[in-house]
Every structure is written in C-alpha cells, then in structure tokens.
Amino acid sequence: MIKQDACSQLNLKKCIKMKRLICYLPMLLLLIIVFSSCGNNTNKTSNTITTTDSTKTGVMQKDWGEVDGKKVYIYTLTNKNGVQVTISNYGGTVTSWITPDKNGNKSSIIIGFDSLQGYLQKPPYFGALIGRYGNRIGNAKFTLDGKTYQLAANDGKNHLHGGIKGFDKVVWDASIGDTSTPSLTLHYMSKDGEEGYPGNLHVTVQYTLTDNDELKIEYNAETDKPTPVNLTNHSYFNLTGDVSNTILNHTLMIDANNFTPVDNTLIPTGEIKSVKGTPFDFTQPKKISKDINAVKGGYDHNWVLKRKDSSLKRVAVLSDSISGRTLEIYTTEPGLQFYTGNFLDGKFKNRDGKPINQHMALCMETQHFPDSPNKPKFPSTILKPGEKYHTVTVYKVVSSER
Ligand code: GLA
C-alpha cells in the first residue's frame, strides 16, 4: 500500500524508468566487476601478467620510488614451480631469488634489500647490471685508434665497473615480455662521453625466469663509435639463503685451466697462467675454504674458461650441502670473475637485518677479461658501429629435493 502510494505521488513515467533501472542494476554491477578484474590482471597473450597476485606464474610490477625524476619499479617474475626472482629497473638490479632448499623451505640465494632506499646507499653493486665495462681498466684510460680516452677513476687510480655512475646506478626503461615464460626487458642509452667512453651505446638486457629454474640474462648492445663494452651481472650468492653462514663451505668447480694473475691494485699483469698446483685450481670440485688463505685478500680473479667457441656452455658449478642447492653457470663469455666478497665488512645489512660480513656472499661474474682495452693479447672488447654485441649467461638452480 505504502509503495503504491509513493508511486502514485510520482510521475508515472519516472516510476516505470526507476523500476527498469532496478532490474538492470545486477547486470550492470556484473559488467563493472568483469572489467575491473581484467584491468588488474593486464592479460597479454598467453602470459599471466598480474599486478595484484605475486603467487601466479607471470610478472608483477609494483611502484618502488623515483630516481633522477624517473619512476622506479620492482618486478616479480614467478615461474610454474613458484620460484621467484625480483628485479628493479634501478640499475637492472636482481634483488632476490627465492627458491626452496632440500627441505622445501624457501629463501633468497641472492643478498639484497626489499626497498629502493637500500640501493641508494650505494652498496658494492649488489645484484646490479654492470657496464659499460665490467671490472677494472688500469689507470682509468685506454687508447683506441690513436686516441687516448680518460675514464672516471673510481677505484684508486683505476676505473671500476663503468665508473662513478655506471649502469648499476641509472634507471632503465622496462617492458614485460609477452610470452608464456616470465621475462623483463631493460633498455638504456648510454650517451657519447658518459663516464669518459666514446659513442652512444644502446643497451638491451633481457632477464627470463624459465620453468627449469634458470635465470637467463641476454645482453645486447650497439654503438655509433668504436667503444669497449663488457657487460655482466653482480649478484652476490649465498646458497644457504642465510648470511650468517659463510660461503667458504660452498664447493666450487670452474671449468678453466688458466687464470689471469693481478698486480696489487687488482689489474691483470697480462699473463695467462696455469691453475695447476695453485690455489686457483677449481678444475675438480673443491671447498672454497681449502686454499683461500693462500690467496692474499681472498679470491677476486678472472678465470680463463676452457672453450672452443663462443657457444653457451656450462662453465662452473657451485654447491652447498646445508641447503642441498646447486647453482650451475652457463655462458657464452670467455671469462669468469670469481669474487669471494672480500670487501664486505658488515656495513650493509641483508633484507632480514643480518650484517653482510666478509665471505658471507660471493659473485660469479661472467665477462671478458679485466683491463682488456690495455691488453692486446686478451680477447677484444671493442664494439664497432654496425656490429651487434650479444652475450648470454644462465644461472640455474638445482635443488636436491623438491
Ligand atoms: C668486483 C671486483 C672486486 C670488487 C667488487 C665490488 O667483483 O673484482 O674487486 O670491486 O666488484 O666490491
């Protein structure tokens, strides 16, 4: 009765319209829900690219801050096994790699921070992309086609890892891959004269996390003037997933009969020396602790990888009995810088607040040899206009149990 009264008081046409609206309301609501969920999951072809659910296979993008007026993001790549790698477009940094140990407990085998702030405090290249030149260039200079180039000296008188503001401290443009395997492509244009290097260099790095628990890194570059290029990644690994355990108990094999000895500023002497009978012999799996004390300061050297050509090949195997994890390293590069975290001193704390002390993490940097621009006998690192720089490195985690 009351309803009828209310209706009769209103204009009859208006009343009918309202009733229709009430009928369509549930349908309208349904449409809104469907559209909004599509927006959140930004589906691209067969890849589940989700901005809301980091447990699903695909890539999740999250705001992480701003540097140099550019937006910084953190991307979570998740494969079908639930293994996750997080990467930021700040420095192209791999911030974590979360994978199960032999008991199925998950932890990150890469040290790092969960916030951009940590990286802005300039840790020693944690997880970062290194360029234009990985490792040192002696006296921060080189001569190319008769011209001497003065680079930024940021390691005493030497140039290290691309200079004061290397590729590890810039914001890269990022795009999420549209294949079913989660991937992230980063691009950076390094200007002619940046840190002293000649030529505009376009660099593209693609990170892919495969369903075989491999982190594949593909490096590409092109230049408009001849320039040295030697790109690498500076992830620090501790396979136990806990920086209270030293990496000295890890076992390592490096498929190399030779290494490049260094002077007291860590610049190669130019000699290529046999590892036989030296602490540098890792041709058979050996505990890192076994001979490290015979090497002043610890290992921080380039191994000359045994290879016939530049195909992708397994060059090193690192394993840890506590976690049951093994890391295999494959590369197309001729060298491997094995660094036992000698300069880590507890100043930086890992994501869980634990101090990262000496030998609590190690690096396996695939590369050309340090100081190649000044060492004519080393494989050349000069990229010329019209040439395409292309190298591939794969880090593969093998867990003894799943
Ligand atoms: C490289 C170098 C080391 C050291 C670290 C960063 O691995 O070889 O000497 O500079 O980077 O601390």
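No hydrogens, no waters, no symmetry mates; every other heavy atom, side chains included, goes into these values.
A donor-acceptor pair is defined here as one N or O able to donate and one able to accept, closer than 3.5 Å; such a pair exists between the side chain of Asn350 and the backbone of Gly112. Side chain of Asn342 to backbone of Gly297: a donor-acceptor contact under 3.5 angstrom is found. The backbone N or O of Pro385 sits nowhere less than 3.5 Å from a side-chain atom of Thr223 that would complete a donor-acceptor pair. Proximity of a side-chain donor or acceptor of Asp242 to a complementary backbone N or O of Ser244 within less than 3.5 Å is detected. Side-chain atoms of Tyr236 do not come within 3.5 Å of backbone N or O of Met360 as any donor-acceptor pair. Judged purely by atom type and a 3.5 angstrom limit, Asp281 has no side-chain atom pairing as donor or acceptor with the backbone of Ala256. Checking side-chain atoms of Lys375 against main-chain N and O of Pro268 turns up a donor-acceptor pair under 3.5 Å. With hydrogens and angles disregarded, no donor-acceptor distance shorter than 3.5 Å links the side chain of Tyr395 to the backbone of Tyr330. In terms of modelled atom types and a separation under 3.5 Å, the side chain of Trp172 and the main chain of Phe167 share a donor-acceptor contact. Remark: side-chain polar atoms of Thr332 are paired, donor with acceptor, to backbone N or O of Val392 under 3.5 angstrom.
Salt bridge status for Arg314 with Glu328: present, with a side-chain N to carboxylate O gap under 4.0 Å. Remark: Lys286 engages Asp291 in a salt bridge, criterion side-chain N to carboxylate O under 4.0 Å. Ionic pairing of Asp371 and Arg136 is not present here: no N-O contact between side-chain nitrogen and carboxylate oxygen is shorter than 4.0 angstrom. Salt-bridge annotation for Asp320 and Arg325: absent, with no side-chain N of the basic residue lying under 4.0 Å from a carboxylate O of the acidic one. One finds no salt bridge joining Asp101 and Lys106 here, because no Lys/Arg side-chain nitrogen approaches an Asp/Glu carboxylate oxygen to under 4.0 Å. For Glu195 and Lys165, the salt-bridge test fails: no basic side-chain N is under 4.0 Å from an acidic carboxylate O.
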task = Decide yes or no on ring pair (Phe, Tyr, Trp, His ring centres under 6.0 Å) for Trp64 and Tyr90, but give the supporting numbers first.
result = CA-CA 9 Å; Trp64 227 38; Tyr90 175 71; 8.4 Å; no
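With 3.5 Å as the limit, one finds a donor-acceptor pair spanning the side chains of Thr185 and Gln206. Side chains of Asn89 and Tyr75: no donor on one and acceptor on the other come within 3.5 Å. Side-chain contact of Asn200 with Asp192: a donor-acceptor pair under 3.5 Å is absent, judged by distance alone. Of the N and O atoms on the side chains of Gln367 and Glu333, not one donor lies less than 3.5 Å from an acceptor on the other residue. For the residue pair Asn230/Thr381, the side-chain donor-acceptor check at 3.5 Å is not satisfied. Looking only at atom types and distance, the side chain of Thr95 has a donor-acceptor partner in the side chain of Thr86 under 3.5 Å away. Counting only N and O atoms by type, the side chains of Thr331 and Thr393 include a donor and acceptor under 3.5 Å apart.
Around the NZ atom of Lys216, the shell of radius 6.0 Å holds no more than 12 heavy atoms that belong to other residues, nucleotides or ligands. Counted within 6.0 Å of CD on Gln117, heavy atoms from surrounding residues, nucleotides or ligands total 12 or fewer; the atom is thus considered open.
With rounding to the nearest 0.5 Å, the separation of CG in Leu318 from OG1 in Thr251 is 8.0 Å. Considering OG1 of Thr57 and CD of Gln84, their distance stands at 10.0 Å, rounded to 0.5 Å.
Remark: of the listed residues Thr210, Leu209, Leu215, Leu209 is the sole one forming a side-chain contact (heavy atoms from CB on, under 4.5 Å) with Asn79. Between His159 and the choices Tyr133, Tyr197, Phe142, the ring pair (Phe, Tyr, Trp, His ring centres under 6.0 Å) rule is met once, by Tyr197.
For Lys349, there are no side chain to side chain donor-acceptor pair (under 3.5 Å) partners, not counting sequence neighbours. Residues forming a side chain to side chain donor-acceptor pair (under 3.5 Å) with Lys273 (at least two apart in sequence, or on another chain): none.
For His234 and Phe126, the gap between ring centers reaches or exceeds 6.0 Å. In this structure, the ring of Tyr299 has its center less than 6.0 angstrom from the ring center of Phe282.
Identified under the salt bridge (charged side-chain N to carboxylate O under 4.0 Å, His left out) test for residues 141-153, with sequence neighbours left out: none.
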